[in-house]
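Beneath this line is the structure, given in structure tokens, with notes to follow.
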There are 2 protein chains.
Amino acid sequence: MNLTVAEENYIKSIYKLEEGTEAVTTTGLAYELDTKPASVTDMAKKLKEKKLIDYEKYQGINLTAEGKKAALHIIRRHRLWECFLVDKLDFSWEEVHELAEELEHVRSEKLISRLSDFLGNPTIDPHGDPIPDAQGKMGKQRAQISLDQARIKRLEVTAVSDKSAALLEFLNAKGIRLGTQLEVIERYEFDNSIEIKIRNQPAFTISEQVSKNIMVRPL
Amino acid sequence: MNLTVAEENYIKSIYKLEEGTEAVTTTGLAYELDTKPASVTDMAKKLKEKKLIDYEKYQGINLTAEGKKAALHIIRRHRLWECFLVDKLDFSWEEVHELAEELEHVRSEKLISRLSDFLGNPTIDPHGDPIPDAQGKMGKQRAQISLDQARIKRLEVTAVSDKSAALLEFLNAKGIRLGTQLEVIERYEFDNSIEIKIRNQPAFTISEQVSKNIMVRPL
DNA sequence: GAAAATGTTTAGATTTGTCTAACTTTTATT
DNA sequence: AATAAAAGTTAGACAAATCTAAACATTTTC
Ligand SMILES: [Mn+2]
Ligand SMILES: [Mn+2]
Ligand SMILES: [Mn+2]
Ligand SMILES: [Mn+2]
């Protein structure tokens with residue numbers, strides 16, 4: 001199955017939306033891909049033709065088994081390149097997503113397997129996301145929930161779900177990175193903001209928008 | 001100046017043909033890019049519009065100063081990736097050209113400068129070709145001629161001009177690589193084949209087609 | 001259960017890059 | 001110089017990916 005760059009981007013976005021709870025809608029996918037619903041409908045027809053998605057007019061989009069497999073291979077390439085950029089070229093985590101967005105489309109089994117070996121076959125990427133193996137199997141994520149839902153006080157940051165430079169730079173500024181251990185001091189019901197404390201540093205408050213995108217596990 | 005992948009490939013091929021002696025013709029460029037003359041004419045109009053080439057109907061194609069600069073940046077990316085693949089991922093020289101043909105189109109100054117640093121700022125690529133610097137300046141090539149023209153007996157291989165896997169695999173089989181020192185034993189006028197000898201190994205004969213693509217310098 | 005609002009699809013256009021077939025220009029040959 | 005051959009260009013078509021505007025479906029609201 002030979003996919004174009006556009007098709008790969010669609011498949012990957014559909015996978016991402018399917019990971020969430022809700023159904024994959026035309027508008028939702030258009031928003032995710034920064035395009036228009038009409039374009040999504042066009043592409044949906046092509047991907048259905050290629051048997052990568054199940055799609056019926058007005059009924060939403062779902063990856064087939066084949067589509068899911070394709071998605072996992074693209075995600076593997078994306079996340080390995082992110083590791084390369086951070087571990088070998090000293091990029092910081094907010095810079096790598098965009099570059100990996102392009103590098104992921106260089107399709108070569110051999111390149112990726114060599115790259116993985118070179119990196120020591122990492123299993124999580126710089127944002128805490130698991131890297132599928134060569135067969136497209138993804139290691140079970142450790143139990144993790146978003147910080148806004150955690151009901152335990154002492155937590156460790158395991159991943160960040162939004163990869164925008166905006167959020168990641170904010171986290172840099174606050175000293176929050178993967179592995180950071182933090183304590184929830186207070187939850188404010190009014191706006192669902194949370195007061196947290198890292199080590200001996202003074203406590204500070206983060207918005208719900210931020211805490212929703214920080215994944216944590218109990219310490 | 002934002003170039004498409006196709007435009008970049010054209011610019012690079014034009015540069016390559018200009019490096020040779022002859023004028024860059026529509027048919028020659030079509031052959032180099034494995035496309036049709038009609039397509040080249042179409043693209044020539046676009047590149048002229050973007051001021052990357054000088055072009056008048058029926059008069060051939062020449063890079064402008066700007067076009068040349070663009071070409072050198074693409075070549076820099078191409079050759080740095082080739083170095084990466086060979087030096088870090090243990091690819092052999094006949095495998096890397098195709099992959100670099102794709103990787104070269106990921107445009108990021110920062111990525112390339114980091115990659116170059118990571119590789120120790122190499123100045124020649126795995127085929128013996130010089131790597132332009134960040135400003136697009138290419139270190140003067142050491143004096144080198146093709147083996148078929150060399151009139152001196154003891155020579156060192158400095159580069160290979162044809163990057164096809166076919167030729168490079170042949171050279172692998174014969175034990176010819178960059179830096180190999182060889183001695184010309186005999187030249188046969190009939191077909192311009194050459195008998196050469198490497199170290200203490202038995203002599204063997206190579207065709208003119210091969211010797212034309214091996215660049216050497218006197219020892 | 002109709003009307004309004006929201007979401008989705010279609011129709012038709014555009015851009016990029018390519019092609020074939022026909023035509024034109026240049027170059028080589030007699 | 002006339003003609004033949006080769007090289008280059010144009011015209012018209014197509015595929016991929018996108019868009020806007022209009023039409024159509026579905027869902028929500030009253
Ligand atoms: Mn991408
Ligand atoms: Mn990531
Ligand atoms: Mn290329
Ligand atoms: Mn090379």
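Lettering of chains follows the sequences in order, A, B, ..., and the numbering in each one begins at 1.
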Can a side chain N or O of [X] be found less than 4.0 Å away from OP1 or OP2 on [N]?
X: B/Thr35; N: C/dG17; answer: no
X: A/Tyr55; N: C/dT9; answer: yes
X: A/Tyr58; N: C/dT10; answer: no

Where the side chain of [X] is defined as all heavy atoms beyond and including C-beta, which of [options] is the nearest nucleotide?
X: A/Thr4; options: D/dA16, C/dT10, C/dT9; answer: D/dA16
X: B/Ala38; options: D/dT10, D/dC19, C/dT8; answer: D/dT10
X: A/Pro37; options: D/dA17, C/dT9, C/dG17; answer: C/dT9
X: B/Ala6; options: C/dT8, C/dT18, C/dT26; answer: C/dT18
X: A/Lys45; options: C/dT10, D/dT9, C/dG17; answer: C/dT10

Rounded distance in Å - [atom1] ([X]) to [atom2] ([N]):
X: B/Lys57; N: D/dA7; atom1: NZ; atom2: C1'; value: 14 Å
X: A/Glu56; N: C/dT9; atom1: CD; atom2: P; value: 10 Å
X: A/Lys46; N: D/dA15; atom1: NZ; atom2: P; value: 11 Å
X: B/Glu8; N: C/dT16; atom1: CD; atom2: C1'; value: 15 Å
X: B/Asp42; N: C/dT20; atom1: CG; atom2: P; value: 13 Å
X: A/Lys36; N: C/dT9; atom1: NZ; atom2: P; value: 16 Å
X: A/Asp34; N: D/dT18; atom1: CG; atom2: C1'; value: 12 Å
X: A/Lys50; N: D/dA15; atom1: NZ; atom2: P; value: 14 Å

| request: Nearest-nucleotide wise, let me know which of A/Val5 and A/Gln59 is further upstream toward the 5' end of DNA chain D. | output: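 Final value for this comparison: A/Val5.
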
| query | How are the rings of B/Phe118 and A/Phe84 set to each other: parallel, tilted or perpendicular (split at 30° and 60°)? | reply |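 If you compare the ring of B/Phe118 with that of A/Phe84, the planes turn out perpendicular.
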
| said: The test is side chain to side chain donor-acceptor pair (under 3.5 Å); show your working for A/His105 and A/Asn9 and say whether it passes. | reply: CA-CA 9 Å; A/His105 302 293; A/Asn9 285 333; 2.9 Å; yes

| Knowing that exactly one of B/Asn213, B/Val210, B/Val157, B/Ile206 qualifies, which makes a side chain to side chain contact (heavy atoms under 4.5 Å, CB included) with B/Leu147? |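 Exactly one option meets the side chain to side chain contact (heavy atoms under 4.5 Å, CB included) with B/Leu147, and it is B/Ile206.
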
| message | Between B/Lys50 (side chain only) and B/Asn2 (backbone N and O only), is there a donor and an acceptor less than 3.5 Å apart? | response |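 Yes.
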
| request: Quick one: label B/Ser39 by what it contacts on the DNA or RNA (base, sugar-phosphate, nothing), any heavy atom closer than 4.0 Å. | output: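 Counting heavy atoms under 4.0 Å across all strands, the contact made by B/Ser39 includes a base.
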
| message | By the 4.0 Å heavy-atom rule, please label A/Thr41 as base, sugar-phosphate, or nothing. | response |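 Base contact.
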
| said: Could you tell me if A/Glu94 and A/Ser92 have a donor-acceptor pair between their side chains, going purely by distance under 3.5 Å? | reply: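 There is such a pair between these side chains.
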
